[in-house]
Amino acid sequence: VGLYVHVPFCAVRCSYCDFATGSLSSAALERYLVAIEAEAARRAESARGVAFTSVFFGGGTPSALSSRAFRRVMAALRGSFEIAGDAEITLEANPESVKATLLNTWAESGVNRLSMGAQSFDPTELAELGRIHDAERPGAALELARRAGFTRLSLDLMFGFPSHEPSTWERTLDRLLELAPEHLSAYCYIPEADTPMGREVLRGTRRLPEVDVQADLYQTLHDRVAGHGYGAYEISNFARPHAEARHNLVYWLRRDYLGLGPSAHGLWRGVRYGNHATLDLWAGALERGEPCDVADPETERSRSDEIVMLGLRLSTGLRPADYDESTWAGTLRTYGRALDAAVATGRLIRRPDGWAIPRALRFLSDDCIAWVMAEAEREPFDSFASRSVPSQPCPDRPFRAA
Ligand code: SF4
């Protein structure tokens, strides 16, 4: 059971990022803190008796919060929710903001896992991506974190962005393997229309590497990290044994989680909800005592869609044993035939405990998953028979072809 807290502030916006984030001012911060306290108190009742096994501070840049502000958020969480003694508590940190005093605050508050965005170790690429740290800073931040006692560290990388070269990717992976974090996330760049880099790509003024080159970059990543003991437990996530991110597994296995903060999403007691995206809308709603989210109760169909879409991302695959019996029965009703068809066409492999995307198709996972979902939509011709209208003579004058 997870708890996600969105921190919507960044020092500078990176050129590829469309996350809900803005600049940090003391007025915006105070408004955020008061609203987080209000939302935690409001959601506390529905979580009574639940011990959260994972907490994740994401953003934005949670490490942009001062020690005082972070302690206040943590106090709001501990005051409203029960957090299990052995919970995984992750904080996303930007390398440039990692400092000894903050590390001590995080450790004293129970944070036991740090996830840092490095993206690249090439100075030119970092400048193009709009990152404000240099190529040495992630290593220095990792070193500081280890000295402060953190043993579960993760780095984020990006590949396949405009001008990305196989040679710089190799050097970035060399450096990553030297730093040896316990966990690694590596995402293929996707152009977002409301970002500077995304606009240039979509207008055609910047070119992405060819898709075959992106696939090769992904394969290089797999081969290099596998040789150093990292298992690919999800399409974009790799971990040393027992270092998988518990919080991510909450999402992919569709366990309940509460989301707090602007743009945060939750899945709680059969209802998906999305909080208002901006600080202003979200905090404004809480200040007026109004709902700060839009809720969407699940249906058997929406649940089944998510089980297939998320479960197939995992290298363990889609496994009936991961779900309760009636949930899995509903999934099979919608997807049983499509899963068989995907196996027959080589898009999935059948294992004794479930279905999985074959290793060779992992770069194309999104396409395999989309195919399975489209196949479940497609009704065989015969299934329309009961709905067809008996043929009648046409009451109008027969149409004559010219
Ligand atoms: S620091 Fe992270 S959240 Fe902030 S703009 Fe950059 S990528 Fe986006």
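Both counts, for ligands and for their atoms, begin at 1 and track the order of listing.
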| Qualifying residue for salt bridge (charged side-chain N to carboxylate O under 4.0 Å, His left out) with Glu306, from Arg272, Arg313, Arg301 | Arg272
| query | Going by the order shown, which atoms of ligand 1 are within less than 4.0 Å of some heavy atom of Cys10? | reply | 1 (S), 3 (S), 4 (Fe), 5 (S)
| Between Phe161 and Arg131, is there a cation-pi geometry (under 6.0 Å to ring centre, at most 45° from the normal)? | no
| request: Anything under 30° is parallel, anything over 60° is perpendicular, the rest tilted; go ahead and classify His247 against Tyr257. | output: perpendicular
| said: Does atom CZ (Phe19) have a neighbourhood of more than 12 heavy atoms from anything else shown, all under 6.0 Å? | reply: no
| Atoms in ligand 1 with a heavy atom of Gly60 nearer than 4.0 Å | 3 (S)
| request: State whether Tyr230 and Arg240 meet the cation-pi test: NZ (Lys) or CZ (Arg) under 6.0 Å from the six-membered ring centroid, and within 45° of the perpendicular axis. | output: yes
| field | Nearest non-hydrogen protein atom, atom 1 (S) of ligand 1 | value | Asn94 ND2, 3.1 Å
| field | Atoms in ligand 1 flagged as close to Cys17, the criterion being non-hydrogen separation under 4.0 Å | value | 3 (S), 5 (S), 7 (S), 8 (Fe)
| task | State if Arg131 counts as touching ligand 1 under the rule of any non-hydrogen atom under 4.0 Å. | result | yes
| said: Need the ligand 1 atom indices (1-based, order shown) with element for anything under 4.0 Å from a heavy-atom of Tyr16. | reply: 7 (S)
| said: Checking contacts here: is it the side chain or the backbone of Cys14 that comes within 4.0 Å of ligand 1, counting heavy atoms only? Could be both or neither. | reply: both
| task | Could you tell me whether Arg42 and Asp293 have a side-chain N and a carboxylate O separated by less than 4.0 Å? | result | no
